[in-house]
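Here is the structure we will look at.
Order of the sequence lines sets the chain letters (A, B, ...), proteins ahead of strands, with each chain counted from 1.
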2 protein chains.
Amino acid sequence: MRVSTRLSDSIHILAFLQIFHGKLPLTSENIAGSVRTSPVVIRRLMSALRKGGLIETVPGSADPRLARPASEISLYDIYLAVEGSDRHLFTIDEKTAPECIVGGNIQATLAEYYHQAEVAAQAKLATVTLQDVLDSILVRQAQKEAARRKDENK
Amino acid sequence: MRVSTRLSDSIHILAFLQIFHGKLPLTSENIAGSVRTSPVVIRRLMSALRKGGLIETVPGSADPRLARPASEISLYDIYLAVEGSDRHLFTIDEKTAPECIVGGNIQATLAEYYHQAEVAAQAKLATVTLQDVLDSILVRQAQKEAARRKDENK
DNA sequence: CTCCTTGTAACTTTTACAGTTTCACATTAG
DNA sequence: CTAATGTGAAACTGTAAAAGTTACAAGGAG
């Protein structure tokens, strides 16, 4: 399974926007530096986020911002914006022999069970907001700095 | 995302074994006919299922069988056997800039949230057994045949 | 023994995604 | 106005995972 890092990178972008807003020029190049990818990849993802109504941007102006508060953007919202609703976690083999009892009925059967599993995962993602991610990041950063100070003083 | 159809095809194989046991020679070629793939692909998947303790086979003999009742094999068992436990539904971008507050902390943060979503999906898969799949397949087949008869009689 | 089958390794093909190049257009500063 | 900077989008290339193929050694059945 080759899986895209689109969701990861998109969450990264949104977190970056929020944390560095007003502190750095929010160019696609600066964001790309943190994600370690090319500016074009960032712009592609931001295009999807914009179409999904999660951010607002002005062409030529390096100042994108969240379209609504971080606490009102769930990871599932981001997933939908950049992966779309027709993206599936599990894949059904579509070419099985229709004349066989198994091959002719397994697709519909698995579609049902796979859907249940996907909905369960999506529901979990929907409970986590961008604000939760920001809080986690800041807590982890504070812990790192505390550990570093302790290390220096011993 | 190029996603593997390993889970789908493996469920297909196990269902095929159970339904056609004693009615057809269960050669990799016959199974491949129903899955519409090559016999080697089938043998590769069956190798994983055998190592995962789900089926028992005898080299040279076309008579593989389930290692335990279909009601005691969950879709998650099959998933584990053919995809492994280090396979993830969501992928984290591992190359983000460690010196950045976001890039340096987002991986651990997302790992936690992604894990929760994966566990939710896996738990759903664990509640479905191969027997459930077999029942669904047989019900769907019966419905198809009923619809066909009704169609012929009108 | 002969034929068929399994099990596995090596190789090729396919395909989805990441990343690059390029260009038109918008904004801002001087 | 114009130069510099940045966005938005399309076309193209590179890459890695999975599917599929070929080949062959070794295990059963008649």
Worksheet item: Does B/R6 put a side-chain nitrogen or oxygen below 4.0 Å from OP1 or OP2 of D/dA17?
Response: no

Worksheet, complete the sentence: Atom NE2 of B/H12 and atom C1' of D/dA19 are separated, to the nearest Å, by 17 Å

Discussion item. I need the CE-P distance between A/M46 and D/dA9, as an integer number of Å.
Written reply: 12 Å

Worksheet item: Going by modelled atom types, is there a donor-acceptor pair between the base of C/dG19 and the side chain of A/R44 at under 3.5 Å?
Response: yes

Worksheet item: What integer distance in Å separates B/L49:CG from C/dT6:C1'?
Response: 15 Å

Worksheet item: Rounded to the Å, how far apart are A/D63 CG and D/dT5 P?
Response: 18 Å

Worksheet item: Taking only residues two or more places apart in sequence or in another chain, which ones pass salt bridge (charged side-chain N to carboxylate O under 4.0 Å, His left out) with A/R65?
Response: A/D63

Practice prompt. Would you give a per-nucleotide map of nucleotides 21-30 of chain C, 5' to 3', where B means the base has a protein non-hydrogen atom under 4.0 Å away, S means only the sugar-phosphate does, and - means neither?
Written response: B----BS---

Worksheet item: Out of D/dG8, D/dA9, C/dA18, which nucleotide sits closest to the side chain of A/S47?
Response: D/dA9

Worksheet, complete the sentence: Across all chains, not counting sequence neighbours, the salt bridge (charged side-chain N to carboxylate O under 4.0 Å, His left out) partners of A/E99 are B/R36

Worksheet item: Taking the side chain as C-beta and beyond, is there a heavy-atom pair between B/R68 and B/D77 under 4.5 Å?
Response: yes

Discussion item. Please determine whether the number of non-hydrogen atoms from other residues, nucleotides or ligands lying under 6.0 Å from atom CD of B/E29 exceeds 12.
Written reply: no

Discussion item. With salt bridge (charged side-chain N to carboxylate O under 4.0 Å, His left out) as the rule and sequence neighbours excluded, what pairs involving residues 38-58 of chain B come up?
Written reply: none

Item to complete: Keeping to residues at least two apart or across chains, list the salt bridge (charged side-chain N to carboxylate O under 4.0 Å, His left out) pairs with something in residues 118-137 of chain B.
Response: none

Worksheet item: Could you give the CD1-to-P distance, from A/I13 to D/dG8, as a whole number of Å?
Response: 12 Å

Worksheet, complete the sentence: Contacts satisfying side chain to side chain donor-acceptor pair (under 3.5 Å) that involve residues 15-24 of chain A (not counting sequence neighbours) are none

Practice prompt. Just jot down the side chain to side chain contact (heavy atoms under 4.5 Å, CB included) partners of A/T96, sequence neighbours excluded, or say none.
Written response: A/D93, A/I106, A/Q107, B/H12

Response to the item:
Among C/dA18, D/dA9, D/dA19, the one nearest any side-chain atom of A/R50 is D/dA9

Discussion item. So, using salt bridge (charged side-chain N to carboxylate O under 4.0 Å, His left out) as the criterion, who are the partners of B/R140 when residues are at least two apart?
Written reply: A/E112

Item to complete: Pick base, sugar-phosphate or nothing for B/R36, based on heavy-atom distances below 4.0 Å to the nucleic acid.
Response: nothing

Worksheet item: So which of residues 19-31 of chain A are in contact with DNA chain C, with a heavy-atom cut-off of under 4.0 Å?
Response: none

Fill in: Atom pair distance, as rounded to whole Å: CZ in B/R87 and P in D/dA16
16 Å

Worksheet item: Any side-chain N or O of A/K95 less than 4.0 Å from the OP1 or OP2 oxygen of D/dG20?
Response: yes

Practice prompt. Indicate whether OP1 or OP2 belonging to D/dT7 is found under 4.0 Å from a side-chain N or O atom of A/T57.
Written response: no

Worksheet entry | Atom-pair distance (CD1 on A/I42; C1' on C/dG19), nearest Å | 12 Å

